[in-house]
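Okay, structure first, notes after.
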Amino acid sequence: MKKIKLIINNFQTKDNIFFDNRELKIIFNLYAKMVSDGFWKDYSLDISKNRISLNVYRRHSDHPLFRISKETNNKNIENKYSVLNSRGDIIKKSNCLESLIGLVNWKKFKLVK
């Protein structure tokens, strides 16, 4: 019988971008509210070199309804956070996550087939 060896490579470099604890608290407070209201059911994280986004779903088999993104390699530092719809169109942009979350009417948007 062969032995299985688990290798974890969890070093951080300056190139990696993540949500910090404050940002996660803001996002997951919104997520909890929308789940309790029955609008969202699932989420996932997409992590790339220049962007991280939290994708929210109506059902786990659907395409994401929204993506809350944070970008670093943006030439305009003012637009660090953005909310995108299911087609990838930018709904709102801001340099402050709290104001961005407050500006979007999350219940207004519906999936049209």
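As the structure is a computational prediction, the values presented were derived from the model and not from experiment.
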**Message:** Restricting to salt bridge (charged side-chain N to carboxylate O under 4.0 Å, His left out), what partner residues turn up for Asp89, sequence neighbours left out?
**Reply:** Arg87

**Donor-acceptor pair, side chain of Ser53 and main chain of Asn55, under 3.5 angstrom** = no

**Heavy-atom side-chain contact between Asp42 and Ser44 under 4.5 Å** = no

**Fill in**
Of all heavy-atom pairs linking Leu103 and Lys92, the shortest is O-CE, 4.2 Å

**Item:** Point-to-point distance, once rounded to the nearest 0.5 Å, from CZ of Arg58 to CG of Leu65
**Value:** 8.0 Å

Counting only pairs under 3.5 Å, give me each side-chain donor-acceptor contact of residues 24-32, with atom names and distances, residues two or more places apart or in other chains.
from	atom 1	to	atom 2	distance (Å)
Asn29	ND2	Lys25	O	3.2

**Prompt:** Ile90 and Leu97: same hydrophobic cluster, using ILVMFWY side-chain contacts below 4.5 Å?
**Reply:** no

**Prompt:** What residues form a side chain to side chain contact (heavy atoms under 4.5 Å, CB included) with Asp20, not counting sequence neighbours?
**Reply:** Arg22, Glu23

**Message:** Tell me the closest heavy-atom pair linking Arg67 and Gly88, and the distance in Å.
**Reply:** NH2-CA, 3.1 Å

**Prompt:** Is it true that Phe19 and Ile47 fall in one hydrophobic cluster, defined by side-chain heavy atoms closer than 4.5 Å?
**Reply:** yes

**Request:** Report whether Leu84 and Trp40 are members of the same hydrophobic cluster (ILVMFWY, side-chain heavy atoms less than 4.5 Å apart, transitive linking).
**Result:** no

**CG-CZ distance between Leu45 and Phe18, expressed to the nearest 0.5 angstrom** = 10.0 Å

**Item:** Nearest-0.5 Å distance, CD1 of residue Ile68 to CG of residue Leu100
**Value:** 7.5 Å

**Request:** Over all heavy atoms of both residues, which pair between Ser94 and Ser99 is shortest? Give the atoms and the distance, please.
**Result:** OG-OG, 3.2 Å

**Prompt:** Shortest non-hydrogen contact from Ser69 to Arg51?
**Reply:** OG-CD, 3.8 Å

